Amino acid sequence: MCGIVGAVAQRDINEILLKGLRRLEYRGYDSSGLAVVDKYGHLKLLRRVGKVSVLIDAAQQYDLTGNIGIAHTRWATHGKPTENNAHPHVSGHIVVVHNGMIENHEPLREKLREHGYTFVTQTDTEVIAHLVHWEQCQHSGAFFEVIQRVVNVLRGAYGIVIMDIRNPGVLAAARSGSSLVIGLGIGENFLASDQLALLPVTRRFIFLEEGDVSEITCCTVRVWNQAGNSVKREEIISQVKYDAIDKGLYRHYMQKEIFEQPQAIKNTIAGRVNHGEVILSELGFGADALLLQVQHVQIIACGSSYHSAMVARYWFEAMAEVSCDVEIASEFRYRKPTMRPGSLFITVSQSGETADTLSALRLSKAIGYHSSLTICNVESSSLVRESDMALMTRSGAEISVASTKSFTAQLTVLLMLVAHIGRLRGRCKRIEESIVHALQTLPSSIEQVLSLDQLIKTVAEEFLDKKHALFLGRGDLYPIAMEAALKLKEISYIHAEAYAAGEMKHGPLALIDAHMPVIVIAPNNQLLEKLKSNIEEVKVRGGLLYIFTEKDTVFTASKNMKIIRLTQVEQIVAPIFYAVSMQLLAYHVSLIKGTNVDHPRNLAKAVTVE
Ligand code: M6R
């Protein structure tokens, strides 16, 4: 998604802006630009389509020095990715960068046309630039008051940073539905959509809250809340690693993040499991009393996070004996959900900024859910701030668009939560002990999957000319088949579907022939014999089978059937374990096909627009 960097300083800021854009590249974008005001008060604007490196190369040819500026990476929503549509956008003396989407841009555009404004782009953002210009020309008042009037008429999601060429010592910002953070320096201050952009210049941050408007100069920071009152927001010292966006010796972020999983899981369980018990004290005082009243669990998420929630549904019902529904956020928010009494509302999200998930959380409050809990990887995110309780996944910054370590860390946290709620509900102590034991042995089991990297690569080579693939699983491995299909289609562009294996005979069997690879996730559990019958149905129809299973299961390889044997694993954590092998498969297929592993086409890391 789009990225924003802004700076006001006593030194030249153009390097800071360009470096910041580079650090936001991982979010996905298709064009970029920057605007600085030089010491003579002249605006210098540069925009380019394509990589930030194209913008940086172009920047070498101009003098872009200045003490104040804003920069942006754009992921096209309204209007094609062209130089003209790239941000910043200008209206007279006003310069704007924007993340998000303005839903009422059409009526606003009409109104502004009546006021004599001409539109030169197809973007919704140009509306903001003209509105600020119009408001400022019509009414006197401080810059922040102008911005407050403008945001009052905007509908949709936005994080905006605005510069006034006539007043080149101030940056104004506003956020609603799209994150913005202020970076605090000495004699300089910054704005960005993501703290990662500013780590080279500061570790001190203020995270703007929903509805906030702010004004920064090189020496002052002021914030007003939605009601227009001046407020003081807490300053936070970031613990995020500076080199979080460093690939190290790995070829891709995705590869690095796959291989980081044993450590990410160790970090995620550290201090939370002990002597056969799960301890989730960070849920806060009174949380256990709340959780004790829970009669139903509703989980909402998108994409990979939805798949981890799907696995958790099996776990909640089987191990904590509490009913559980799971729904995609974009569906939940637009139907008229009825709330079951005593329902705990859980959101799962890597970024904590996914627009649909955030809206679903807000809806849950409006319709009176018992309490809300988020499982999230970003402590400063909107979901964490707006939920009653939060459990952090500690997988570290995830840069690759394809979720890997955050997915397995989500499952790890969900499993601990199941154990915790199970205990509160008086479920068998042995279940909790087995969960703890399985989680403690999981990192080394995953190490063993990772050691099969080269073997999985040879399997991936057979997918070079494949156009389609089917993934099969049963029980809590069915959502892992869904995740495997998502991973493969997302980064290799091979059309992939997942089926609960028992469903094959209800239609998908018609697809089976010698060209259709069928990847089966076959753990050594109580459903294995059932699964073998489903495999037989594929085999007799000439399907091309790849069975991912464990060391001691009984399968005989035959002409069209390859067996990939992983080590044995505690069955409670089999979904997490098998997910890693599926990530490796997708990664190697993507390499072989030569697609862009970390930045797949048309996708962005955090989906902060609807
Ligand atoms: O940040 P979130 O977990 O809320 O993101 C949800 C999805 O956008 C995300 O999981 C997406 O499906 C991934 N690219 C999948 O690899």
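Note that the numbering runs from 1 along the sequence shown for the chain. Values in this document were obtained by computation on a predicted structure and should not be read as measured data.
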Partners of Glu570 by salt bridge (Lys or Arg N to Asp or Glu O under 4.0 Å), sequence neighbours excluded? none
Does the ring center of Phe463 lie less than 6.0 Å from the ring center of Tyr546? yes
With a 3.5 Å cut-off and no angle check, do the side chains of Thr347 and Thr374 form a donor-acceptor pair? yes
Quick one: salt bridge (Lys or Arg N to Asp or Glu O under 4.0 Å) partners of Glu317, sequence neighbours excluded? none
By salt bridge (Lys or Arg N to Asp or Glu O under 4.0 Å), which residues pair with Arg251, not counting sequence neighbours? none
Donor-acceptor under 3.5 Å (Arg565 side chain, Thr553 main chain): yes
Return yes if some donor-acceptor pair links the side-chain N/O of Glu386 with the main-chain N/O of Leu383 below 3.5 Å, else return no. no
Using distance alone, with no hydrogens and no angle criterion, decide if Asn85 and Gln122 have a side-chain donor and acceptor under 3.5 Å apart. yes
If you look only at pairs with a residue in residues 497-523, which of them pass as a ring pair (Phe, Tyr, Trp, His ring centres under 6.0 Å), with sequence neighbours excluded? none
Check salt bridge (Lys or Arg N to Asp or Glu O under 4.0 Å) between Asp124 and all other residues, then give those that pass, not counting sequence neighbours. none
With sequence neighbours left out, which residue pairs that include part of residues 560-610 fulfil the ring pair (Phe, Tyr, Trp, His ring centres under 6.0 Å) condition? His252-Tyr587
Are Gln583 and Gln255 close enough that a side-chain donor and a side-chain acceptor fall under 3.5 Å? no
In this structure, which one of Thr595, Asn596, Asp598 forms a side chain to side chain donor-acceptor pair (under 3.5 Å) with Ser590? Thr595
